[in-house]
Amino acid sequence: MNYDFRNIEKKWQEKWVKEKSFQAIDFHPTKPKYYVLYEFYNISGNLHMGHLKGTIPADALARFKRFQGYNVLFPIGGDAFGLPAENAAIKKGINPHDFVRNGMKTVLDQSKMLGLSFDYDRTICTSDPEYYHWTQWIFLQLLKHGKAYKKKGVVNFCPNCQTVLSNEDSQGGKCDRCGGDVVQKEREVWFLKMKEYSEKLLENVDRIQMAENLKEAQRNWIGKSEGMQVAFDLFDDKDEKVGQIEIFTTCIETIYGITFVVLAPEHELVDKLKDKIKNFDEVEKYRQKTALRSEFDRISDLKEKTGCKLEGLYVVNPVNNAKVPVFLADFVLASYGTGAVMAVPSHDQRDFDFAKAFGIPMIQVIDGDCSTCAVEKKEYLAKNSKMMNSAEFDGMPVREAKKKIAEKTIAMGVGKRQINYKMQDWSFNRQRYWGEPFPVIFCDHCGTVPLDEKDLPLILPETDDYLPNAKGDSPLSKVTDWVNCKCPKCGRPARRETDTMPNWAGSSWYWLRYCDPHNDKALADFEKLKYWGSVDCYTGGTEHITRHVLYAFFWQNFLYEIGAVPTRDPFIRKMGSGLILDDQGKKMSKSSANGVSPLEVIEKYGTDAARLHVHFLGGYEDNTPWTYDGISGITAFLDKVWSLQDMVKGDGVSKEHIFELNRLMKKVTEDLEDLKLNTCISAFMIFVKKIRDDKFITKEELRQFLILLNPLAPHITSEIFERVFGSQILDETWPKFDEKFLIEDSINLPVQVNGKLKQVISVARDISQEELLKIIYEKYPEICSEDDVKKVIHIPNKIVNLIVAK
RNA sequence: GCUGGUGUGGCGGAAUGGCAGACGCACGGGACUUAAAAUCCCGAGGAUGAAAGUCCGUGUGGGUUCGACUCCCACCACCAGCACCA
C-alpha cells in the first residue's frame, strides 16, 4: 500500500495547529533557548516557490533543535505596510486594510499546508496598531536622541510610485518596487542618521556568520574609504582670500600634480560667492541642467564629462602655492566626502577625461606612461613607482611619499586624516497612504513637536481616497480633520506630518517583537528579550542584504545604546536562500511563463514530497532551476519509507545495521546543523536501500530512523510512528551516535603506484605498514614487485602509495 | 571598470589534499505482466579493446606535492553586487 499523503498530511497539519504543538515557552526552566527566524512574509499574494525553498530548512532546523532538547522560538509574521502591499491592493482594487487582512490569512493557511512548525500564537503584522505603536515609539526615540531630522534636499523620487525613495530602494537608478527609472526631486525629507553608524555596521558585518559574497556586498554598500581632507584657500580675481575649499582625497601623493579643483554643482560655496563669480548666469544654467538629471542619466553617459568653470575664482595649492582654477562638474557628488575634489589628470582617469574635454594642462608626478590615459593608483602603488615633479619628494617610492606628504600637510595645518563612507543617511518618508503615520506635529510656534508616548499608537485614519497623486503629496494630507490638530505643547492649532514611514520601518525590529508579541507596555519585555537573545539562525532571501539587514543592524545598535534592548547583535548567523530559477535561468515568479506554485506541487505529490524534492535539487544557498524531473525518485523513496513498517523484525539495534544507523545519525545531525539538506536526503536513501537489501528493520532502528527523518518529512514519519509505536514522535528525543560504532574492523584501502590507483584491497583496521606491504607483495603481485619500490607513503586507514622507478 | 562567488557525466548535483562523478533523474538491458504503467534486479564518464586492461578526464595553461576538483600563479567564461565614491 502506498503512502496516502492527502488524508495523512491533512490530519497532522490540523493536529499540530489544534494542539499548539510548537509553542515556544518564555523562561523555560530547564531547556536552553534556540531562536530560528524566517524572514517576514510580504503580504502581496500567495506563497511562491521561493517560500518553499526558504522556509523548509528553517522548519527542519527548528524541528531538529526541539528534538535535541532546545526550547525553540520559530515565529512568523507579515510585512504588510508599505509599497508592496499597497501596490498589490491598488492593482486589485481592494482597500489595503481588507487586502492585508485576507492576505495574512492566506499566507498563514498556506504555511500550515507546508507543515511549517511556527508558533502561530506569536504571529505579528506590521500594519496592526498594536505593532506599529512600537515602530512609532522607536521613531520617537530616534527623534529624541537626535538620530532623526527633516531636511530639504534633492532626493530619489519614483514618478511611477509617486514617492520619495531611499538610496537603498533606488539602487542602479531603478525603483526597487516597480523597476521604473528614479528621478531626482527636491523635497522636504525625514532622514535617519545611519551614516553615523557606518563603523558599527561594519563590525556587525564582521561578527555575523554569513556567506562571504553577502558580507562583501554589505561592506561595498557601506563603502569605507580612508584618505586625507585638505583645505585650499580660495581667492577672487583681486587676489583677496574669500574662503576655503575642503577636498577629500585618497591619493595625497599626487598633490603636486593638481591642475584644477572640482566642486559638486550643489556645493554651498557657489551661492555664497555668487557675487564673486563672473559668469554666474552660465554657472546657474549648468546647475539647473544637472540638478534634476536622473541618476539613470548620469550613469548612461558615464564617460562624457560636463562642467563649468567658475570665472573670477581660484585656489592655491598649499604645498607649492600654485594657482589652480575651480570648476563645477556633476561627476563630483555633493553627498560624498566634502563635495569637492582636487583633480590630478595624470593620475586619475576621470580627471584625465575632464582635462582633455576642457583643455586643462596636466602635470605628471609619478613615473609611468601618461600619454593616452592616466596612470592610476592601483598601478603605481603595485609597482611602487618613483615620484617626480614633487619638490623634495622627487625620486621617492610612491608608498613612502604617500605617508610623508600626508604628514607634511598635517604639519602645515592644512591636512587631516579622514574616513568617508559611501552609505548615506536613510531617507525615511514616503508620500503614500499605507504606512505608519509619523508621531509628529508641526506647530507655527513650537516647531516640530513629537507626540507624547502615551498618545501612541497614532492610528492611520481610514479613507477612501488613498491613491497616490501626481504632485507627490501624501494622501493623508487630504484627511483634513486628522491633519488639523492642537499642538501638544501650546494648544494652538497645528498640523500632523502627512507622510508615512517606508515599508522597511516595521521590518527593522520585528524579531524583537516575537519575544513578547502582545506586550502593550513596551516593544517587548526586557527580561524576555534577554532570555531569547540574538536570533541563532536567520534564514531568508539575499536580495535585501544591503537594505533590510543593514537597517536591522542600525536599529538594534541604536536600541541597544539607549538601553531598550539587552543585545547588540540581532542575528548570530544569517543564511541566504538561493533562488528557484525558471527554465530561462531567471528568478521564478508568478508572472514567469512556467511559474509553478508550491501549492500545485503539494496537490500533486504531497507536502513531504514537495519539501524533499525542492531541497534535493540543490544546496540551500545555491540557485536551483525548478523541474519536476526527479520527483518520482522522491515519491518512490517516501513509498519505501512507508513500507518499512511492514518489515519490522526484532527490537534492539541489530549488529547488521549498527554501523549504517550510526553513520546516518552522524550525517543527518551534521547536515541539519549546516542546512545541507540535499546530502542529508541522500544519506536517508542509502540507509533505506541497505534495509531493503537485508529485508528487515528492528523496532528500535525504525524508531530512530523516523526521528531523524521527521525534520524533513514530518507528516509521514509522524504517522508511521503513531501506527508502530502508538505514541507521538514529538515526545521523542534526538538519537545520539556513538563514534565507536563507526569504526569497522576491516577497511577498503586504495593502493596506488606512483599516485595512480591500481587496486582497492580489504585489510584489517590499523594494519602496520610492514604487514600491509607483505599482503600487497604476496597476494597482489600484479600491482608491482617489491624490488621496484623505492619509497612507500602510507597514510594509515586512508591510502598507500608505492613509488617505483620508471 | 571594481568586488565577491561559481565552473565536475545527457541533467540536478556529491567529494575541500588521499578510490572523482555519492544520491537522484533521464537512458540501456533483464524479471514480473496478455500488454502497458507501477515495482524489482543489473549496467553505465570518454576513447580503445573480444576481454583483462591501457590511455584520457573536474573551464584553460602553468606550478607546489608521493598524491590536486581541492592549495598557489596567470587566463577564460558565467552569475551576483556596486558603479564617475575622489
Side-chain angles (χ1 to χ4, degrees), chain A residues 2 171-173 211-221 223-225 227-228 247-252 254 262 264 295 298-299 301-305 329-333 335-344 347-351 353-354 376-378 420-424 542-543 545-546 578-579 581 585 612-613 616-619 621-634 636-637 639-640 643 676 678-686 689 692 748-760 782 790-795 797-804:
Chain A
N2 286 356
Q171 297 186 18
E212 194 51 38
N213 58 341
L214 302 182
K215 287 192 172 204
E216 270 309 302
Q218 292 187 325
R219 293 196 190 104
N220 199 358
W221 185 257
K224 179 177 182 171
S225 136
M228 297 288 295
I247 61 93
F248 175 72
T249 180
T250 55
C251 308
I252 192 71
T254 62
V262 190
E295 200 154 314
R298 285 199 185 193
I299 290 162
D301 49 39
L302 204 67
K303 294 293 170 214
E304 238 176 82
K305 293 284 178 288
D330 68 355
F331 79 87
V332 175
L333 308 174
S335 54
Y336 182 75
T338 58
V341 303
M342 61 180 223
V344 184
H347 303 290
D348 182 288
Q349 194 55 42
R350 291 157 306 180
D351 300 348
D353 295 339
F354 192 87
E376 292 197 282
K377 181 163 59 172
K378 201 182 164 192
N420 275 323
Y421 301 91
K422 270 202 306 191
M423 189 176 67
Q424 300 297 309
T542 58
E543 68 269 43
I545 206 79
T546 53
L579 301 172
L581 306 175
L612 291 180
H613 178 60
F616 195 56
L617 285 174
E621 301 203 282
D622 301 326
N623 296 336
T624 37
W626 168 259
T627 171
Y628 273 115
D629 288 351
I631 199 166
S632 59
I634 294 294
F637 166 72
D639 285 334
K640 286 172 192 169
S643 67
K676 285 158 86 175
N678 52 344
T679 49
C680 187
I681 293 164
S682 91
F684 283 112
M685 290 172 168
I686 292 166
K689 179 157 177 18
R692 289 172 66 83
N748 292 322
L749 191 80
V751 182
Q752 296 181 334
V753 173
N754 288 343
K756 287 201 171 167
L757 181 73
K758 288 294 165 189
Q759 191 116 24
V760 179
E782 71 277 13
K790 298 278 180 277
K791 194 178 168 188
V792 176
I793 288 136
H794 178 216
I795 313 294
N797 301 325
K798 239 181 184 167
I799 205 161
V800 63
N801 190 5
L802 307 173
I803 311 304
V804 303

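Heavy atoms only: backbone and side chains are in, while hydrogens, waters and symmetry mates are out. Within every chain, numbering begins at 1; the chains are lettered A, B, ... in the order of the sequence lines, protein sequences first and strands thereafter.
- A/Lys224 comes within contact range of no nucleotide atom at all, as no heavy-atom separation falls under 4.0 Å.
- At a threshold of 4.0 angstrom between heavy atoms, the contacts of A/Lys758 are confined to the sugar-phosphate backbone, with no base atom among them.
- Among the nucleotides B/G81, B/U3, B/G18, the one closest to the side chain of A/Ala217 is B/G81.
- B/C41 sits 28 Å from B/G53 when the C1' atoms are compared, rounded to a whole Å.
- In this entry the distance linking NE2 of A/His347 with C1' of B/A86 reads 15 Å, nearest Å.
- Using a cutoff of 4.0 Å between basic side-chain nitrogens and carboxylate oxygens, A/Arg219 and A/Glu216 are scored as salt-bridged.
- Between the base of B/C25 and the side chain of A/Asp629 there is no donor-acceptor pair shorter than 3.5 Å.
- Following rounding to the nearest Å, A/Gln424 (CD) and B/A83 (P) show an atom-to-atom distance of 11 Å.
- Counting atom types as modelled, A/Lys305 pairs a side-chain N or O with a base atom of B/C84 as donor and acceptor under 3.5 Å.
- When heavy atoms are screened at a 4.0 angstrom cut-off, A/Lys215 is found touching no nucleic acid atom at all.
- Residue-level contact check: A/Asp351 touches neither bases nor backbone, having no heavy atom under 4.0 Å from any strand.
- Counting any heavy atom pair closer than 4.0 Å across all strands shown, A/Asp348 reaches no nucleic acid atom.
- Nucleic acid contact class of A/Ile795 (heavy atoms, under 4.0 Å, all strands): base.
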